[in-house]
There are 2 protein chains.
Amino acid sequence: MNYELLLREHSLKATPQRVGILSLMQKSGHLDVEELFIKIKKQFSTISLATLYKNINAMMEKSLITEIKIPNKKSKYEIAKEPHIHLLCQECNEFIDLKLDVGCLVNEAAKESHYRLKESSIVLSGVCEKCQKK
Amino acid sequence: MNYELLLREHSLKATPQRVGILSLMQKSGHLDVEELFIKIKKQFSTISLATLYKNINAMMEKSLITEIKIPNKKSKYEIAKEPHIHLLCQECNEFIDLKLDVGCLVNEAAKESHYRLKESSIVLSGVCEKCQKK
DNA sequence: TACTTAAAGAGAATAATTATCCTTTAAGCT
DNA sequence: AGCTTAAAGGATAATTATTCTCTTTAAGTA
């Protein structure tokens with residue numbers, strides 16, 4: 001994935017710090033601010049926490065990344081992509097994406113409420129397959 | 001609604017402050033911490049913000065209330081009830097409950113992922129009927 | 001009514017996030 | 001490639017959000 005290009009397409013300067021943040025989001029899955037900071041410091045030892053926050057906010061404003069708010073947990077971030085839902089294992093804290101068509105639910109909600117719906121934030125929690133076997 | 005009873009059923013002391021907080025959550029809809037504090041101070045002028053936080057946390061631990069995490073907004077709180085979803089109007093900030101069967105979506109997600117699912121947090125955002133007409 | 005213990009209230013302490021200021025750098029233009 | 005400039009980085013202060021500590025008060029119970 002070409003993060004420089006992706007950043008420029010969103011009218012953001014392609015700094016090495018930003019590229020590093022994006023590649024961490026891609027590679028390491030769903031990280032919170034603290035986890036991101038620990039990892040990004042291994043690449044840029046002098047990076048400031050303020051820089052991380054500023055970049056997260058800048059990239060969110062341009063809808064390049066998305067914040068996922070999770071019950072009882074710190075927010076995580078991911079590179080924006082097609083709509084999908086999230087699953088959390090309450091035992092091992094595994095947190096995964098699931099591509100699932102939410103159109104049906106959204107249509108139903110729109111019908112009932114007369115809202116014109118644009119975004120969905122769906123987090124389902126339970127026990128993953130591995131933890132069920134323990 | 002008898003909040004004293006509700007509190008005692010959840011092994012919590014039924015203090016007037018707690019009853020006040022619960023009745024605000026019921027009456028005034030979905031409030032965030034700051035809004036709750038402003039309103040509760042009208043009833044208990046000396047109430048401390050720490051008391052509010054402590055009570056929110058205590059009632060959440062006993063599952064008497066629920067925190068709703070909303071993209072780009074502060075968390076709101078509500079008295080726990082049967083599963084439902086939330087709709088947010090991005091224009092006027094109306095925030096409402098919608099009773100909608102999510103069983104289908106959850107079953108589908110469980111089938112795909114092999115998770116045993118227990119909780120769902122669903123917030124859909126868009127434009128409410130009134131704002132569409134503007 | 002008195003006892004016990006959890007909760008309230010006040011303020012300090014900590015954590016999380018944002019703002020400020022100055023330096024550095026990416027990107028567009030010769 | 002070098003020049004210009006607006007944007008971004010880094011350090012730190014400031015602000016905001018939340019939790020902790022300690023003393024006082026009051027709810028639940030015998």
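In what follows, chains carry the letters A, B, and so on, assigned in the order in which the sequence lines appear, proteins first and then strands, with residues in each chain numbered from 1.
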Item to check | Sequence neighbours excluded - salt bridge (charged side-chain N to carboxylate O under 4.0 Å, His left out) pairs with any residue from residues 84-103 of chain A | outcome: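 As it turns out, the salt bridge (charged side-chain N to carboxylate O under 4.0 Å, His left out) pairs with a partner in residues 84-103 of chain A, which skip direct neighbours, are A:K81-A:D97, A:E82-A:K99.
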
For [X] and [N], what is the distance between atoms [atom1] and [atom2] respectively, to the nearest whole Å?
X: A:N55; N: D:dA8; atom1: CG; atom2: P; answer: 8 Å
X: B:L5; N: D:dG28; atom1: CG; atom2: C1'; answer: 14 Å
X: A:F44; N: D:dA8; atom1: CZ; atom2: P; answer: 15 Å
X: A:R8; N: D:dA8; atom1: CZ; atom2: P; answer: 13 Å

Which distance, rounded to the nearest 0.5 Å, do you find between the [atom1] of [X] and the [atom2] of [Y]?
X: B:K39; Y: B:S23; atom1: NZ; atom2: OG; answer: 11.0 Å
X: B:Y53; Y: B:F37; atom1: OH; atom2: CZ; answer: 9.5 Å
X: A:H30; Y: A:I96; atom1: NE2; atom2: CD1; answer: 9.5 Å

Item to check | Cluster check B:M25, B:M1: I/L/V/M/F/W/Y, side chain < 4.5 angstrom | outcome: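 Yes.
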
Checklist entry - Are B:E67 and B:S75 close enough that a side-chain donor and a side-chain acceptor fall under 3.5 Å? => result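 Per modelled atom types, B:E67 and B:S75 side chains form a pair under 3.5 Å.
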
Checklist entry - Can you find a side-chain donor-acceptor pair between B:H10 and B:E61 that sits under 3.5 Å? => result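 No, because no side-chain N or O of B:H10 sits under 3.5 Å from a partner of the opposite role on B:E61.
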
Checklist entry - With sequence neighbours excluded, what pairs up with A:E9 under the side-chain hydrogen bond (donor to acceptor under 3.5 Å, both in side chains) test? => result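 A:E9 satisfies side-chain hydrogen bond (donor to acceptor under 3.5 Å, both in side chains) with no residue once adjacent residues are dropped.
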
Measure all distances between protein nitrogen or oxygen atoms and nitrogen or oxygen atoms of nucleotides 19-24 of chain D, and list the pairs falling under 3.5 Å.
unit_1	atom_1	unit_2	atom_2	d
D:dT19	OP2	B:N57	ND2	3.1

Checklist entry - Taking ILVMFWY side chains as joined if any heavy atoms are under 4.5 angstrom apart, and letting links pass through other members, which residues group with B:V123? => result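 Result for B:V123 is B:I68, B:I70, B:L88, B:F95.
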
Checklist entry - Which parts of residues 10-22 of chain A get close to DNA chain C, meaning a heavy atom less than 4.0 angstrom away? => result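 Residues of residues 10-22 of chain A that come under 4.0 Å of DNA chain C are, in numerical order, A:K13, A:A14, A:P16.
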
Next on the checklist: Please evaluate residues B:L98 and B:L124 with respect to the criterion side chain to side chain contact (heavy atoms under 4.5 Å, CB included), reporting the C-alpha separation (whole Å), side-chain torsions for both, the decisive distance (0.1 Å), and the verdict.
Outcome noted: CA-CA 10 Å; B:L98 185 64; B:L124 307 181; over 6 Å; no

Checklist entry - NA contact type, A:T46, heavy-atom cut-off 4.0 Å: base, sugar-phosphate, or nothing? => result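 If one applies the 4.0 Å heavy-atom cut-off, A:T46 turns out to touch the sugar-phosphate alone, with no base involved.
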
Next on the checklist: Quick one: does any side-chain atom of B:E119 pair with a main-chain N or O of A:P71 as donor and acceptor, under 3.5 Å?
Outcome noted: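 No, B:E119 side chain to A:P71 backbone: no donor-acceptor pair under 3.5 Å.
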
Checklist entry - Quick one: how far along DNA chain C does chain B reach, first to last nucleotide 5' to 3', anything under 4.0 Å to a heavy atom? => result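 Nucleotide range in contact with chain B: C:dT5 to C:dG11.
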
